[in-house]
Amino acid sequence: MGALWPEGAEPLDEFVSRLLRVGHELYRDLPWRYIDDPYAVLVSEIMLQQTQVTRVGRFWERFLEAFPTLDALAAAAVPDVLERWQGLGYNRRALALKRTADQCAADGRGRLPDSYEGLLALPGIGPATAAGVMAFAHQVPGVYVETNVRAVFLHELFPHEDKVSDKMLEPLVAAAAFHPAAAADPRRWYYGLLDYGAHLKATGVNPTRRSASYSRQSVFEGSRRQKRAWIVRRVLAAPEGVAGAAGRADLDRAEAEAARDGVDEALFASIVDDLVTEGFFRREGALLIP
DNA sequence: TTCCTGCTAG
DNA sequence: CTAGCGGGAA
């Protein structure tokens, strides 16, 4: 591991101890930290995917209030889960989390896998989320690469390089995470990296702009994405179902009021097809039912 | 305006 | 590898 550390850089020992100290100074006391329930940790990790900390807080607490355990989530109805998710964004995450609960409840064990590979195989759980759950719920060190960790490593070890790929960062993130001083307390190590990364972004130019995986998002206003969200909300609000034609007319009117292009039947049908395929709601004849 | 503790399908 | 996916706080 140590051999992979960059020549001429600050020694790994000093790097790790300095960042542990900085992380401690910048520590954010968030409600999902230093808890042992892997399910509660997973819910926070899923919610935090591409979502700012300030937004997640109340959603995490209300979600756990409604679905306190993996079994409770598995027993819940999809529309109720989506309802709890409204306002948080990326509704797909709620469906994936629900499927994860369903799979775990059905496989006989009734709980989440406690290995990185086991977690990675579940819906909505990728490399970052799996590594996050291992570190934060199980105190198992791993390679946890997300935007704040990127910010720290780019700022510290690639201060002038551009287009730095995750493949370049991963061995370094691993070398640090498995260093005895960090591996002794993976929670503290990664909480510190997250808080330091967030601090860097808040106080200067975002270092992750120099990441190869950095890309700006397309505009939301008037997007298909916005219409998807509108349709999901509309159907959830009508437990008895919504007639497709009426839904399209409502959306068309809403778009007109926002001074945007109308929504023709082909576009509406295309979006509804996607949503039905993804499992947001079902179609019975001309009716869209939660 | 920026961009958020990413994941997935094509 | 890329496009698509929510919504709002600062």
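On a predicted model such as this, the values are computed, not experimentally measured, just so you know. Residue numbers start from 1 in every chain, and the chains themselves are labelled A, B, ... in the order their sequence lines are given, proteins ahead of strands.
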Send over the distance from [X] [atom1] to [N] [atom2], rounded to a whole Å.
X      : N     : atom1 : atom2 : result
A:D273 : B:dA9 : CG    : C1'   : 16 Å
A:L88  : B:dG6 : CG    : P     : 13 Å
A:Q217 : B:dG6 : CD    : P     : 11 Å
A:L97  : B:dG6 : CG    : P     : 16 Å
A:L95  : B:dA9 : CG    : P     : 12 Å
A:D195 : B:dC4 : CG    : P     : 15 Å
A:R224 : B:dA9 : CZ    : C1'   : 14 Å
A:R92  : B:dG6 : CZ    : P     : 16 Å

* Asked: Knowing that exactly one of A:E25, A:K201, A:E156 qualifies, which makes a side-chain hydrogen bond (donor to acceptor under 3.5 Å, both in side chains) with A:Y196?
  ->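 One option only clears the test, and that one is A:E156.
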* **Qualifying residue, where the test is side-chain hydrogen bond (donor to acceptor under 3.5 Å, both in side chains) with A:N91 and the options are A:E278, A:Q86, A:R228, A:R233** =>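 Of the listed residues A:E278, A:Q86, A:R228, A:R233, the side-chain hydrogen bond (donor to acceptor under 3.5 Å, both in side chains) partner of A:N91 is A:Q86.
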Touch check for [X], heavy atoms < 4.0 angstrom, all strands: base, sugar-phosphate only, or nothing?
X      : result
A:T147 : sugar-phosphate
A:G197 : nothing
A:V56  : nothing
A:R150 : nothing
A:G89  : base
A:I271 : nothing
A:Y191 : nothing
A:W85  : nothing
A:Q52  : base

Salt bridge [X]-[Y], side-chain N to carboxylate O under 4.0 Å:
X      : Y      : answer
A:K98  : A:D102 : yes
A:D166 : A:R150 : yes
A:R111 : A:D71  : no

* **Rounded distance in Å between the P positions of B:dA9 and C:dG6** =>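 One P to the other, the span is 14 Å.
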* Pi-cation contact, A:F59 with A:R62 (under 6.0 Å, within 45°) ->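 Yes; both conditions hold, so A:R62 lies above the ring face of A:F59.
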Hey, does the side chain of [X] come within less than 4.0 Å of [N]'s phosphate (OP1/OP2), counting only N and O?
X      : N     : result
A:K201 : B:dC3 : no
A:Y90  : B:dT8 : no
A:T129 : B:dG6 : no
A:Q50  : B:dG6 : yes

* Asked: What class does the angle between the rings of A:Y191 and A:F136 fall in, given that below 30° is parallel, 30 to 60° is tilted and above 60° is perpendicular?
  ->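 Parallel: the ring planes of A:Y191 and A:F136 meet at under 30°.
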* To do: With sequence neighbours excluded, tell me which residues meet salt bridge (Lys or Arg N to Asp or Glu O under 4.0 Å) with A:R260.
  =>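 Expected list: A:E221, A:E255.
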* To do: Could you pick out which residue, A:G124 or A:N206, lies toward the 5' side of DNA chain B when each is mapped onto its nearest nucleotide?
  =>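 Per heavy-atom nearest nucleotide, the more 5' residue is A:N206.
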* For A:P123 and A:L194, take the nucleotide of DNA chain B holding the closest heavy atom to each; which residue's nucleotide lies nearer the 5' end? ->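 Of the two residues, A:L194 wins.
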* **A:I289: hydrophobic cluster co-members (side-chain, 4.5 Å)** =>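 A:L287, listed by chain and number.
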* Asked: First and last nucleotide of DNA chain C touching chain A, 5' to 3', heavy-atom cut-off 4.0 Å?
  ->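 Listing 5' to 3', DNA chain C meets chain A from C:dG4 to C:dA10.
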